[in-house]
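Residue numbers begin at 1 in each chain, while the letters A, B, ... track the order of the sequences.
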Protein chains: 2
Amino acid sequence: MDVVAAAQGFAAMGSESRLEVLQTLVRAGDNGLPVGDIQLRTGIPGSTLAHHLKFLSSADLIVQDRQGRTIINQANYRHLQALAAFILEECCTDQEMGA
Amino acid sequence: MDVVAAAQGFAAMGSESRLEVLQTLVRAGDNGLPVGDIQLRTGIPGSTLAHHLKFLSSADLIVQDRQGRTIINQANYRHLQALAAFILEECCTDQEMGA
DNA sequence: CCATTATTTCGATAAATCTAGAAATATAGA
DNA sequence: TCTATATTTCTAGATTTATCGAAATAATGG
C-alpha cells in the first residue's frame with residue numbers, strides 16, 4: 001500500500017455521507033447490498049449515491065458486481081484491513097531513545 | 001468514536017501531503033517534531049504546512065505543544081488507533097447466513 | 001417492441017480545499 | 001530594545017468536491 005493509494009482511500013472515507021454508505025456495506029457482510037437498498041437505508045438520493053459509490057469504488061474500498069439489473073455492492077475487506085494497518089505501520093521507526 | 005469524528009479524521013488523512021506529514025510524525029515517535037523539521041523532511045512551504053497541521057490538529061490526529069519558540073508536533077496515537085479500529089468495527093453485524 | 005425497474009450520466013450551482021507568497025505575531029537572547 | 005528565529009495569519013486564485021433533478025442507459029418480462 002503506497003501513500004498515494006492510502007490517501008485516496010482515506011479521502012473516500014473522509015465524507016460523512018460516504019462513510020455511512022461504507023459502514024452500511026461493512027455491516028452487510030459478504031452478501032453485499034444493491035444500490036436501491038443502500039438508498040433506502042441511508043436516504044441519499046440516487047444520483048448522489050451513484051456519485052459516492054463511484055468514489056468508493058475508484059478508491060478500491062468497495063466492489064460492484066452487476067446481477068441482472070441490480071448492482072451488488074460489497075465492502076472490500078482486504079483493502080480496508082490494509083488501510084487500517086497502514087495508519088500505524090511505521091510507528092516510531094525514527095524515534096531516538098533518551099532525551 | 002462517532003461517525004462525524006471518524007469522517008473528519010479520515011478526511012484529514014485523505015490528502016497526500018497531509019498523510020506524508022502524519023506519517024513523518026508517526027515515525028518520529030513520542031518525541032514529536034518541530035514544524036521546521038517537518039518542513040525540511042517534506043519540502044512543504046511554511047504557510048502550506050501550517051494549514052495542514054491545523055487541519056490535522058482540528059481532527060485530533062496530532063497534538064501541538066509550544067516549547068519556547070518552536071512548536072512540537074506529536075502524532076495522537078490513541079486517536080489514530082481508534083480510527084484504525086473503527087474501519088471494520090461493525091463488520092458483518094447485519095449479515096444473514098445462507099444463500 | 002413496450003413498459004417497468006434499477007442505476008448512471010449530465011448539467012449546473014454552491015461550498016470546501018489546496019497552494020503559497022507576503023505580512024504579522026511570538027519568543028529568546030544580546 | 002533590537003535582531004534573529006519560528007511559526008502563523010492573511011489573501012487570493014485555481015482546483016476539487018457535494019448535491020440533486022432531469023434525462024439517459026441497461027436489463028427484464030409480457
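- Taking every side-chain heavy atom of A:S17 into account, D:dT19 is the closest of D:dT19, D:dT9, C:dT19.
- Put simply, A:K54 has no side-chain N or O that comes within less than 4.0 Å of OP1 or OP2 on C:dT7.
- The closest side-chain heavy-atom distance from B:H79 to B:I62 is not below 4.5 Å.
- Here the C1' atom of nucleotide D:dT7 and the CG atom of B:L33 are 15 Å apart, to the nearest Å.
- Using a 4.0 Å cut-off, no side-chain N or O of A:S47 falls inside it from OP1 or OP2 of C:dT9.
- By the 4.5 Å heavy-atom criterion applied to side chains, A:M13 and B:I87 are counted as neighbours.
- In this structure, A:Q39 does not reach the C:dT7 phosphate: none of its side-chain N or O atoms is under 4.0 Å from OP1 or OP2.
- Between B:R41 and A:D94 a salt bridge is recorded (basic side-chain N to carboxylate O distance below 4.0 Å).
- Considering only side-chain N and O atoms, A:R18 lies under 4.0 angstrom from the phosphate OP1 or OP2 of D:dA18.
- The side chain of A:Q64 contributes an N or O atom lying less than 4.0 Å from OP1 or OP2 of C:dT8.
- Rounded to whole Å, atom P of C:dA3 lies 15 Å from atom CZ of A:R69.
- The side chain of A:H52 contributes an N or O atom lying less than 4.0 Å from OP1 or OP2 of D:dT19.
- When distances run from any side-chain atom of B:F55 to the nucleotides D:dT8, D:dA18, C:dC18, the shortest one goes to C:dC18.
- One atom, CG of B:L53, and another, C1' of D:dA6, lie 13 Å apart when rounded to the nearest Å.
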>> Evaluate B:Q64 against B:L53 for side chain to side chain contact (heavy atoms under 4.5 Å, CB included), listing each step before the verdict.
In response: CA-CA 9 Å; B:Q64 300 194 290; B:L53 289 173; 3.8 Å; yes
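- Put simply, A:H51 has no side-chain N or O that comes within less than 4.0 Å of OP1 or OP2 on C:dT8.
- One can place CZ of B:R66 at 7 Å from C1' of D:dA6, the figure rounded to the nearest angstrom.
- Rounded to whole angstrom, the span from the CG atom of A:D37 across to the C1' atom of C:dT5 amounts to 14 Å.
- Atom CG of B:N73 and atom P of D:dA6 are 14 Å apart (whole Å).
- A:I71 has its CD1 atom 13 Å from the C1' atom of C:dT5, to the nearest Å.
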> Can A:L25 and A:Q74 be said to form a side chain to side chain contact (heavy atoms under 4.5 Å, CB included), step by step?
Replying inline: CA-CA 6 Å; A:L25 291 176; A:Q74 294 171 266; over 6 Å; no
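- Residues A:A11 and B:G46 each lie close to DNA chain D; by heavy-atom proximity, the contact nearer the 5' end of the strand is made by B:G46.
- Residue A:T70 is in sugar-phosphate contact alone, with no base atom involved, counting any heavy-atom pair closer than 4.0 Å across all strands shown.
- The same ILVMFWY cluster, assembled from side-chain heavy atoms under 4.5 Å apart, contains both A:F86 and B:Y77.
- With distances taken from any side-chain atom of A:T48 to the nucleotides D:dT9, D:dC20, C:dT17, the minimum falls on D:dC20.
- Distance, A:I72 CD1 to C:dA6 C1': 11 Å, rounded to whole Å.
- Comparing B:L49 and A:S15 by the nucleotide of DNA chain D that holds the closest heavy atom to each, the one mapping nearer the 5' end is B:L49.
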